There are 2 protein chains.
Amino acid sequence: MKQRRADSIAEQLEELIFDGTFPDGTRLDEIRISERFGVSRTPLREALQRLALSGLVELIPRRGAFVRQPGPIELLEMFEAMAEIEAVCGRLAAMRITETALDELQTANRNCQAAVNAQDRDSYYTENERFHKIIYQQSGNSYLEEQAIKLHKRLKPFRRQQLRARGRMAQSMAEHEAIVEALSRGAADDAANRLRSHVAVQGEKFHNLMTALKATAE
Amino acid sequence: MKQRRADSIAEQLEELIFDGTFPDGTRLDEIRISERFGVSRTPLREALQRLALSGLVELIPRRGAFVRQPGPIELLEMFEAMAEIEAVCGRLAAMRITETALDELQTANRNCQAAVNAQDRDSYYTENERFHKIIYQQSGNSYLEEQAIKLHKRLKPFRRQQLRARGRMAQSMAEHEAIVEALSRGAADDAANRLRSHVAVQGEKFHNLMTALKATAE
DNA sequence: TGACAAATTCTTGTATACAAAAAGTTGACT
DNA sequence: AGTCAACTTTTTGTATACAAGAATTTGTCA
């Protein structure tokens with residue numbers, strides 16, 4: 001948006017938080033970080049403000065900036081919200097989707113299937129993202145689309161590890177097919193329900209993971 | 001969040017934008033505004049960043065900050081998104097709402113009715129807001145709640161003028177009653193549908209207003 | 001020895017100074 | 001006279017300097 005400096009710093013910091021360099025609760029010392037990036041405190045503070053608005057860091061007055069990773073409850077809530085927002089996008093898309101977009105969805109699905117056959121997880125992930133983003137876009141509502149993309153991005157690091165569940169990729173593919181079918185029929189509620197449960201599975205998987213971890217910890 | 005200075009400036013600027021002191025497209029000169037608030041450019045810039053993130057101003061690199069009011073299309077999209085998000089909140093709330101919250105909804109409704117009888121528009125508005133916020137909260141999903149509140153706030157200045165439609169307040173009241181009834185029955189889809197159309201009406205009223213304005217302009 | 005208080009130090013928040021880029025203006029050349 | 005270019009001015013982006021508040025440390029007293 002504004003200058004490329006604060007923006008690129010925000011991106012880099014985001015990356016450093018995602019990859020675990022700055023774990024949850026870390027205090028982000030303005031001086032140390034600004035030195036690390038070779039800039040002064042001013043643009044760094046602007047970057048921190050942005051991260052604060054997107055929820056990645058918490059700014060406590062007169063205390064500083066702290067890395068704020070969502071806890072398990074918050075994550076479940078975000079997964080649930082994602083499922084509901086996708087359902088809404090699907091509902092609207094069913095009424096508005098274009099023929100070309102339907103074709104694109106099928107292309108993405110074919111590429112997904114190819115990735116499944118090739119056991120190519122990265123490629124699967126990319127094509128899967130494309131699939132969902134087309135649906136956001138075809139909701140015909142750019143506000144919703146923006147919200148969906150934002151949340152999708154925020155959940156990215158937590159979703160990635162879940163694709164490892166055995167047989168999940170193949171099942172996911174089948175769900176994609178059904179979703180496209182519902183969209184092409186213009187079946188709003190059907191598309192919404194299918195998308196909701198398709199995405200909600202991720203939250204449930206995560207829930208299972210959490211409880212499993214909790215059980216082993218006792 | 002951070003210091004009270006930049007925060008209060010952001011709030012005041014928001015107010016100035018809402019009340020039309022700074023119309024759409026106005027360039028917000030950093031020096032003039034900072035002088036107006038009696039602060040330096042630094043905290044003002046932080047305030048502008050926040051407003052940019054919430055979508056009220058657009059920050060163009062090396063050009064400055066410009067007031068960015070949503071156009072008609074964008075507004076319709078936001079109203080639609082609001083309707084859908086409310087529907088989602090209602091769906092979840094139907095499964096999770098507490099008895100005390102149901103009581104609070106009915107209290108808010110009674111106060112609303114009293115405001116209708118007294119022709120007290122301000123009071124109606126306040127109680128109506130309370131009604132909806134209870135539902136957001138009872139979705140049991142604080143992420144969704146936050147998004148709903150944010151959008152609700154953003155649409156506030158555009159919704160206010162619509163309550164003048166004849167008979168709208170009374171009709172709205174009846175819809176509220178039906179919504180509470182659905183929630184108390186735990187009828188998820190019914191609550192969702194009722195909430196969606198209850199809110200969507202606002203968007204439609206706005207749409208009518210727009211087309212009417214357009215027609216007179218020709 | 002432990003606890004409380006004062007002082008020092010460190011860090012954040014704000015102001016100002018400086019640099020770079022864009023916009024506006026003036027002048028020269030065709 | 002019109003257009004293009006260089007220069008001036010204005011404005012944003014960044015750095016640094018300064019002020020105020022929080023945290024820590026040290027010293028004193030019980």
Side-chain angles (χ1 to χ4, degrees), chain A residues 1-18 20-70 150, chain B residues 1-18 20-70 150:
Chain A
M1 302 222 181
K2 198 148 201 168
Q3 70 289 6
R4 64 179 170 287
R5 193 92 67 154
D7 215 3
S8 80
I9 289 172
E11 260 180 63
Q12 290 177 59
L13 259 179
E14 204 175 289
E15 201 54 44
L16 289 172
I17 290 172
F18 279 157
T21 309
F22 297 117
D24 187 38
T26 310
R27 188 174 134 272
L28 298 172
D29 188 283
E30 292 182 1
I31 297 169
R32 290 174 69 91
I33 311 242
S34 61
E35 279 172 359
R36 178 169 188 151
F37 284 104
V39 296
S40 96
R41 282 174 54 217
T42 313
L44 179 86
R45 282 173 64 89
E46 298 201 350
L48 287 177
Q49 295 250 13
R50 294 193 193 187
L51 294 184
L53 265 293
S54 74
L56 270 160
V57 307
E58 189 173 11
L59 260 45
I60 302 176
R62 294 268 173 211
R63 295 289 297 274
F66 297 83
V67 176
R68 170 102 174 70
Q69 291 283 30
K150 220 185 244 175
Chain B
M1 301 224 180
K2 198 148 203 170
Q3 70 290 5
R4 63 180 169 288
R5 193 94 64 157
D7 214 3
S8 79
I9 289 172
E11 261 180 64
Q12 290 177 61
L13 259 179
E14 204 174 290
E15 202 55 44
L16 289 172
I17 291 171
F18 279 157
T21 309
F22 297 117
D24 188 37
T26 310
R27 189 172 134 273
L28 298 170
D29 188 282
E30 293 182 359
I31 296 169
R32 289 173 69 91
I33 311 242
S34 60
E35 279 172 0
R36 178 171 188 150
F37 284 105
V39 296
S40 95
R41 280 175 54 215
T42 313
L44 179 86
R45 281 174 64 89
E46 298 201 350
L48 286 178
Q49 295 251 12
R50 295 195 192 186
L51 294 184
L53 266 292
S54 74
L56 270 160
V57 307
E58 190 173 9
L59 260 45
I60 302 176
R62 296 270 173 209
R63 295 291 297 274
F66 296 83
V67 176
R68 168 106 173 70
Q69 291 283 28
K150 220 186 245 175

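The structure presented is a predicted model; accordingly, all values stated were derived computationally and were not measured. Values below: all heavy atoms of this structure, side chains included; hydrogens, waters and symmetry mates excluded.
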Can you tell if the side chain of [X] reaches within under 4.5 Å of the side chain of [Y], non-hydrogen atoms only?
X	Y	answer
A:R36	A:L16	yes
B:L56	B:F22	no
B:L13	B:L44	yes
A:L51	A:L28	no
A:E15	A:T21	no

If you restrict it to nitrogen or oxygen atoms, what contacts under 3.5 Å exist between nucleotides 18-21 of chain D and the protein, and what is each distance?
none

Does A:R27 place a side-chain N or O at less than 4.0 Å from the phosphate oxygens OP1/OP2 of C:dT12? yes
Side-chain N or O of B:R63 versus OP1/OP2 of C:dA22: is the shortest distance under 4.0 Å? no
What's the [atom1]-[atom2] distance between [X] and [N], to the nearest Å?
X	N	atom1	atom2	answer
A:L44	D:dT14	CG	P	12 Å
A:L48	C:dT11	CG	P	15 Å
B:R45	D:dT12	CZ	P	8 Å
A:D29	C:dG13	CG	C1'	14 Å
A:F66	D:dA22	CZ	P	13 Å
B:Q49	D:dT14	CD	P	10 Å
A:I31	D:dT16	CD1	C1'	12 Å
A:I60	D:dA23	CD1	C1'	14 Å

For DNA chain C, determine which residues of residues 32-39 of chain A have any heavy atom closer than 4.0 angstrom to one of its atoms, and list them numerically.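 Contacting residues: none.
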Identify, with sequence neighbours excluded, every residue that meets side chain to side chain contact (heavy atoms under 4.5 Å, CB included) alongside B:D29. B:R27, B:I31, B:R32
List the residues meeting side chain to side chain contact (heavy atoms under 4.5 Å, CB included) with A:E11, not counting sequence neighbours, and say none if there are none.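 Checked A:E11 against side chain to side chain contact (heavy atoms under 4.5 Å, CB included); zero matches.
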Once salt bridge (Lys or Arg N to Asp or Glu O under 4.0 Å) is applied, do any residues pair with B:R41, and if so which ones, sequence neighbours excluded? B:E30
Salt bridge (Lys or Arg N to Asp or Glu O under 4.0 Å) against B:E58, all qualifying residues, sequence neighbours excluded: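 With neighbours one apart ignored, the set is B:R68.
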Closest to the A:T42 side chain, choosing from C:dT12, D:dG13, D:dT16: D:dT16
